[in-house]
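FYI, the numbering just counts along the sequence from 1. Quantities reported herein were computed from a predicted structural model and do not represent experimental measurements.
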Amino acid sequence: ARERWAILGARIPALGFRPAGSLTLARSAAEVAVLEEFAAAAPDRGLEAVLLDPAGVRAANPALGGDALAGLLCRDDAVVEPRAAAPALLDLVAADGRATVHRRTVAREVVATDAGVRIGVEAPAGPAAIDADVAIVCPGADLDGPFAAELSAAPLDRCQLEMLETEPVPGAFTTALADGDSLRYYPGFSELPAAADLPPAEPLVAEARVQLLVAPRLDGALTVGDSHRYDEPFAYDLDERVADHWLARLAALTGAPAPAVRRRWTGVYSRYHGAEPYLRLTPLPGVHVVTGLAGRGMTGSPGVALDTMELL
């Protein structure tokens with residue numbers, strides 16, 4: 001997926017693809033030990049990662065003048081502009097003479113026919129159908145539409161997250177950023193032997209499974225997240241304590257007052273609990289259902305697309 005994002009970024013400037021790298025920061029000796037272990041194992045995983053001291057952290061990202069003891073620089077990481085990426089990709093498809101994009105169109109059912117598949121849709125002009133050789137159904141977190149029975153029988157659950165975006169910050173925020181709570185959440189860190197020595201998380205961090213993730217935007221703003229709640233029905237309101245935690249942690253790591261918040265939002269994604277990184281079902285001949293990428297859906301989507309095209 002990372003390689004394909006770079007290819008797409010070269011074709012579509014609006015994606016804002018930037019190989020900015022990422023820094024995962026440690027604020028305690030226990031967190032530093034986990035980062036040291038990860039850095040030592042990175043070459044065997046095919047990753048380029050190096051552990052930096054505080055001076056190295058500031059050199060990699062001049063906006064970070066706070067209380068980090070060390071930082072893991074992963075040079076392979078990159079960022080895109082999420083608000084622009086999906087529309088830009090759709091416009092690219094729509095401009096291709098071999099493709100037709102149906103906007104404001106909802107797929108209600110997919111059935112097999114003698115010639116392939118028929119997709120029953122609802123559109124502003126009224127109900128209609130699209131005939132095709134193959135259908136790839138990507139329901140995301142909407143598990144109650146086509147093939148709801150098959151999806152309900154799969155090891156899937158849903159997660160609600162919160163995020164926010166700040167106003168532009170002064171200075172150069174040159175890399176993506178994660179804090180030490182990520183070491184408890186992501187298996188690449190949490191399954192390392194050194195992670196067993198991490199102290200218990202703060203109560204709010206444990207309750208809402210909070211971590212600080214920051215991505216710089218082209219206009220100087222920062223996208224900040226995220227949290228994880230799995231107990232449905234999900235609340236309709238946002239928890240102000242979560243945003244306060246992120247902004248306080250961001251201020252501690254930058255050594256500067258937290259920027260003002262421009263917007264906040266919540267979202268829901270589906271998460272697959274199988275051996276593969278996502279769920280693929282073939283409920284009918286010529287029909288593929290793909291979902292369950294959890295919070296890495298946008299990140300991994302070009303790789304999933306390549307998997308799908310190779311399968312077809």
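- Hydrophobic clustering (side-chain heavy atoms under 4.5 Å, transitive across Ile, Leu, Val, Met, Phe, Trp, Tyr) groups Val242 together with Leu247.
- Under the 3.5 Å distance criterion, the side-chain polar atoms of Arg271 are left unmatched by any main-chain donor or acceptor of Pro155.
- The hydrophobic cluster containing Leu279 also contains Val287, counting ILVMFWY residues as joined when their side-chain heavy atoms lie under 4.5 angstrom apart, directly or transitively.
- Pairing each heavy atom of Ala215 with each of Val79, the nearest pair is CB-CG1, 4.4 Å.
- Atom CZ of Arg45 has more than 12 heavy atoms from other residues, nucleotides or ligands within 6.0 Å.
- Closest approach of Leu253 to Ala68, counting heavy atoms only: CD2-CB, 4.3 Å.
- Not a single donor-acceptor pair under 3.5 Å links the side chain of Thr24 to the backbone N or O of Ser182.
- When side chains are defined from C-beta on, Leu161 does not count as touching Val268, because their heavy atoms never get closer than 4.5 Å.
- Residues Ala221 and Glu165 share a closest heavy-atom pair of CB-CG, 4.2 Å.
- Within 6.0 Å of atom CG in Asp133, 12 or fewer heavy atoms from other residues, nucleotides or ligands are found, so the atom counts as exposed in its surroundings.
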(Q) Under the criterion side-chain hydrogen bond (donor to acceptor under 3.5 Å, both in side chains), I'd like the reasoning laid out for Gln211 against Asp179: C-alpha separation, chi angles, the key distance, then a yes or no. (A) CA-CA 7 Å; Gln211 60 186 327; Asp179 74 348; over 6 Å; no

Q | Derivation of the side-chain contact (heavy atoms from CB on, under 4.5 Å) call for Leu312 and Ile136 | A | CA-CA 10 Å; Leu312 297 182; Ile136 304 166; 4.0 Å; yes

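- Taking both residues in full, the closest heavy atoms of Val57 and Leu52 are given as N-CB, 3.9 Å, listed atom of the first, atom of the second, then distance.
- No donor-acceptor distance shorter than 3.5 angstrom exists from the side chain of Thr308 to the backbone of Leu306, with no hydrogens or angles considered.
- Note: Thr291 OG1 to Leu281 CG = 9.5 Å, rounded to the nearest 0.5 Å.
- Side chain of Trp5 to backbone of Ala78: no donor-acceptor contact under 3.5 angstrom is found.
- Cation-pi contact between Arg264 and Trp246: absent, since separation from the ring centre below 6.0 Å together with deviation from the ring axis within 45° is not met.
- Each of Leu73 and Leu51 belongs to its own hydrophobic cluster when Ile, Leu, Val, Met, Phe, Trp and Tyr are linked at side-chain heavy-atom distances under 4.5 angstrom.
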Q: Verify side-chain hydrogen bond (donor to acceptor under 3.5 Å, both in side chains) between Ser227 and Arg209, making sure each step is shown before the conclusion.
A: CA-CA 5 Å; Ser227 61; Arg209 298 176 178 85; over 6 Å; no

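- With Glu31 contributing its side chain and Arg27 its backbone, the two residues share a donor-acceptor pair below 3.5 Å.
- Nearest heavy atoms, Leu25 versus Gly71: CD2-CA, 3.8 Å.
- Other residues, nucleotides and ligands contribute only 12 or fewer heavy atoms inside 6.0 Å of the CG atom of Asp231.
- Inter-residue side-chain proximity for Arg158 and Glu232 is flagged as met; some heavy-atom pair is nearer than 4.5 Å.
- Under the 4.0 Å criterion applied to side-chain N and carboxylate O atoms, Asp96 and Arg98 are assigned as salt-bridge partners.
- With rounding to the nearest 0.5 angstrom, the CG atom of Leu69 is 11.0 Å from the CG atom of Asp53.
- Val117 and Val137 fall within the same hydrophobic cluster, defined by Ile, Leu, Val, Met, Phe, Trp and Tyr side-chain heavy atoms under 4.5 Å apart, directly or through other members.
- A distance-only check finds no donor-acceptor pair linking the side chain of Thr282 to the backbone of His288 [under 3.5 Å].
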Q: Take Val290 and Tyr278, measure what side-chain contact (heavy atoms from CB on, under 4.5 Å) needs, and give me the verdict at the end.
A: CA-CA 7 Å; Val290 182; Tyr278 60 92; 3.8 Å; yes

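- In this structure, CG in Leu192 is found 11.5 Å from CG in Asp197, a value given to the nearest 0.5 Å.
- The OG1 atom of Thr175 sits 4.0 Å away from atom CG of Leu23, with the distance rounded to the nearest 0.5 Å.
- Scanning both residues, Met298 and Ala85, for their nearest heavy atoms gives CE-CB, 3.3 Å.
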Q. What do the steps show when you test Tyr272 against Asp157 for side-chain hydrogen bond (donor to acceptor under 3.5 Å, both in side chains), and what is the final call?
A. CA-CA 7 Å; Tyr272 178 53; Asp157 64 7; over 6 Å; no

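- A donor-acceptor contact shorter than 3.5 Å links the side chain of Gln160 to the backbone of Ala235.
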**Q.** Test side-chain contact (heavy atoms from CB on, under 4.5 Å) applied to Val111 and Glu109, step by step
**A.** CA-CA 7 Å; Val111 298; Glu109 66 173 358; 4.2 Å; yes

Run the side-chain donor-acceptor check on residues 12-22: report pairs under 3.5 Å with partners two or more places apart or on a different chain.
| unit_1 | atom_1 | unit_2 | atom_2 | d |
| --- | --- | --- | --- | --- |
| Arg18 | NH1 | Gly16 | O | 2.6 |
| Arg18 | NH1 | Glu81 | OE2 | 3.1 |
| Arg18 | NH2 | Glu81 | OE2 | 3.2 |
| Arg18 | NH2 | Pro216 | O | 2.7 |
| Ser22 | OG | Asp77 | OD2 | 2.5 |

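- Remark: side-chain polar atoms of Arg296 are paired, donor with acceptor, to backbone N or O of Pro277 under 3.5 angstrom.
- Taking the six-membered ring for Trp and thresholds of 30 and 60 degrees, Tyr269 and His228 have ring planes more than 60 degrees apart, a perpendicular arrangement.
- Between Arg241 and Glu207 there is a salt bridge, since at least one side-chain N of the basic residue sits less than 4.0 Å from a carboxylate O of the acidic one.
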Q. Between Arg249 and Asp181, does a salt bridge (Lys or Arg N to Asp or Glu O under 4.0 Å) hold up when you go through it step by step?
A. CA-CA 11 Å; Arg249 184 62 58 83; Asp181 287 323; 3.3 Å; yes

Q | salt bridge (Lys or Arg N to Asp or Glu O under 4.0 Å) between Asp144 and Arg108, worked out | A | CA-CA 10 Å; Asp144 299 320; Arg108 294 299 185 191; over 6 Å; no

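- Once rounded to the nearest 0.5 Å, the distance linking OG1 of Thr166 with CZ of Arg262 reads 7.0 Å.
- Side chain of Ser190 to backbone of Tyr186: a donor-acceptor contact under 3.5 angstrom is found.
- A donor-acceptor pair under 3.5 Å links the side-chain atoms of Arg4 to the main chain of Pro302, judged by distance alone.
- The hydrophobic cluster containing Val169 also contains Val214, counting ILVMFWY residues as joined when their side-chain heavy atoms lie under 4.5 angstrom apart, directly or transitively.
- Here Glu48 pairs with Arg75 under the salt bridge (Lys or Arg N to Asp or Glu O under 4.0 Å) rule; sequence neighbours left out.
- In this structure, Leu8 CG and Leu92 CG are separated by 8.0 Å, a value rounded to the nearest 0.5 Å.
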Q.
Using the rule given for side-chain contact (heavy atoms from CB on, under 4.5 Å), can you reason through Val110 versus Arg118, listing the C-alpha separation, both sets of side-chain angles and the distance that settles it, and then say yes or no?
A. CA-CA 6 Å; Val110 183; Arg118 172 162 293 178; over 6 Å; no

